[in-house]
> 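Sharing a structure here in structure tokens format.
Note that these values count all heavy atoms, side chains included, but never hydrogens, waters or copies made by symmetry.
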Amino acid sequence: MKLERTSYCGEIKKDDLGAEVILMGWVHRRRDHGGVIFIDLRDRKGIAQVVFNPEHNPDIHKLAHKLRNEFVIGIRGSVRERPEGMINKNLPTGDVEVLVDELVIYNEAAVPPFLIDEFASVTENVRLKYRYLDLRRPEMQKNIITRHKAAMSVRNCLSKEGFIEIETPFLTRSTPEGARDYLVPSRVNLGSFYALPQSPQLFKQILMVSGYDRYFQIVKCFRDEDLRADRQPEFTQIDIEMSFVDIKDIIKATEKLLAALFDDILGIKVKPPFPQMSYREAREKYGTDKPDTRFGLELDDLTDILRDAGLKVFSEAVKSGGVIKALTVPDSGDLSRKELDNTVGFAQDRGAGGLAWARVTEKGWQSPIAKFFAPEAIEAVEEKTGAKLGSTIFFVADDADITDAVLSDLRLQMGRRFNLIDDSAFNFLWVHEFPMFEYSKEEKRYVSMHHPFTSPIDEDMDKIETNPEEMRAMAYDIVLNGNEIGGGSIRISNSETQRKVFSALGLGDAEAEEKFGFLMEALTYGAPPHGGIALGFDRIVMLLCGTDNIRDVIAFPKTQRATCMMTGAPTDVDKKQLDELGLKLTAAALAPKKEG
């Protein structure tokens, strides 16, 4: 007879005792105990133990001898209690088993390159090459199912709040700012290109002009940029836009969404309102605009104390426009000399000229730099930093951005080294009042810290022509445990203000019209005040799943070289396809490719 599944493997329980069930799945493990064959049968809901007994059904038992790991089978049998001493308390189904009456082998399987339940020694590249096997692992299936549940939670919450889900195009025009675009050549318009969207930014603003005052979308975005553990060339964001709102409204809506998400997925009650901090305060205290606030270890600015204290490296850094900052780690006397010396290389790897340290001991400072400082300077440093006996002070004197980057990373390292971080905690933080612009030394012009459609704070508008670097933006980021999980802003809804911002960015009227003419025109037809936020869906799911690698929550991710190990993408294409697109490869493009 044809088998039709009645239950998932992970769902059978004591309530099913005596019932006939039909299960289907993969052979997870096979054991032969004195003639009786035990199979752990696996599907996406879990594992069930099924039993082939020669005394119960000799023909089926004989067929079961063929079974090996990852064979795809279906079985029909009756649920019974496991014998005493064979109960597996580690399995939800561990107190029952299925005595098999019928077996169907749907497909045999080659010996897999790694065991499905043991992967610690398997390299990530092998896991990605055989992703269809990797995705069978219970941990990966749990992650992917969690991702599905998270998407449903988002849709349910936003729909209840009156948001409308609207899709926006993937084939659009290339626009400046941000990362490099992925370009798509047009066959019917030779010489012209589409760009894959880095975000739906322009479209969601157009939707506000169109009267859809509460929009959302769980959307794919594309950026051609260097990759890392929490970044992919194609990523998913929760995109939200609202009309007739201010920052408080957007923050409230976002907090409600995140609270619902964490309750639905983890059963954790996070309590809005979340703490808020200005960009300037975050940089001063933590050296970063995405601080992990689960622990202390705040930074101290010692520029005024040590600029003329006697150490030439410090004084020269200040004369060059840099700063002197310190990180103080209390009760850190067990740091070895090797660990202390390694912090110098740690700083240099992040672009600093070096790093200095000092232990606070009963005999004073134990440090290579102690001899350069008068007792009054040492006393002032200890008073400013709160350093006590047993503390270690780390100093960096360099460009402000480099100094902050080194000490913020060192702060995280020391937090882990001394078990100061509560891994079970979820600390949300809003960071706001970002600079409107930052100066790019490479491009020799101001660029937007967020994007060029971010509205400046009203009282700073008079600085746009004289002191643009002092302008603040109506922009905000949401941070969770040191991860930026979202960012947004109040948008510019006035075409004249938008032109002034373009001008500050070095975009003349003609170029602005060419790049953004459709948006500029739309703003002249009655644009409501509006704003929104984009939340990094992959990164949020990563944190919900308790992993630190974004590739663990994406079904088919790319490597750090933006390649797909399973399909081999990107690949060469046929010359005929290139000819149809009017394209010709350069010698550099034809050179041998690096793998991975």
> Where does the angle between the aromatic ring planes of Phe314 and Phe395 fall among parallel (under 30°), tilted (30 to 60°) and perpendicular (over 60°)?
tilted
> Tell me yes or no: between the side chains of Asn125 and Thr123, is some donor less than 3.5 Å from an acceptor?
no
> Within the supplied structure, the quantity of interest is the number of heavy atoms (other residues, nucleotides, ligands) at a distance under 6.0 Å from Lys500 NZ; does it exceed 12?
no
> Could you tell me whether Arg280 atom CZ has more than 12 heavy atoms of other residues or ligands within 6.0 Å of it?
no
> Nearest 0.5 Å, please: how far is SG in Cys545 from CD1 in Ile144?
8.0 Å
> Step through the shown structure and confirm whether more than 12 heavy atoms of other residues, nucleotides or ligands are within 6.0 Å of CD on Glu459.
yes
> Find out whether the Lys NZ or Arg CZ of Arg411 is both under 6.0 angstrom from the six-membered ring centre of Phe295 and within 45° of the ring's axis.
yes
> Check whether Tyr286 reaches the backbone of Glu298 with its side chain - one donor and one acceptor, N or O, closer than 3.5 Å.
no
> So, are Arg539 and Glu484 salt-bridged, with charged N and O less than 4.0 Å apart?
no
> With a 4.0 Å cut-off on N to O distance, would you call Arg131 and Asp134 a salt bridge?
yes
> Using the benzene-type ring in the case of Trp, are the ring centres of Phe516 and Phe453 under 6.0 Å apart?
yes
> Could you check whether Lys558 pairs with Glu234 (Lys NZ or Arg NE/NH1/NH2 to Asp/Glu carboxylate O, under 4.0 Å)?
yes
> Is it true that Asp552 and Arg137 make a salt bridge, defined as a side-chain N closer than 4.0 Å to a carboxylate O?
no
> Just wondering, are more than 12 heavy atoms of other shown residues or ligands nearer than 6.0 Å to OH in Tyr130?
no
> Crowded around Glu379 CD? As in, over 12 foreign heavy atoms under 6.0 Å?
no
> Using a strict cut-off of less than 4.0 Å between a Lys/Arg side-chain nitrogen and an Asp/Glu carboxylate oxygen, indicate whether Asp404 and Lys325 qualify as a salt bridge.
yes
> Are the side chain of Arg359 and the backbone N or O of Gly333 linked by a donor-acceptor pair below 3.5 Å?
yes
> Among residues at least two apart in sequence or on other chains, which ones pass ring pair (Phe, Tyr, Trp, His ring centres under 6.0 Å) with Tyr182?
none
> Taking the six-membered ring for Trp, are the ring centroids of Phe262 and Phe428 within less than 6.0 Å of each other?
yes
> Return yes when atom NZ of Lys252 has more than 12 non-hydrogen atoms of other residues, nucleotides or ligands closer than 6.0 Å, and no otherwise.
no
> If you measure only the distance, is there a donor-acceptor pair under 3.5 Å linking the side chains of Ser332 and Thr392?
yes
> Below 4.0 angstrom, N of the basic side chain to O of the carboxylate: do Arg283 and Asp289 qualify?
no
> Flag the pair Asp301 and Lys384 as a salt bridge only when some basic side-chain nitrogen lies within less than 4.0 angstrom of an acidic carboxylate oxygen.
no
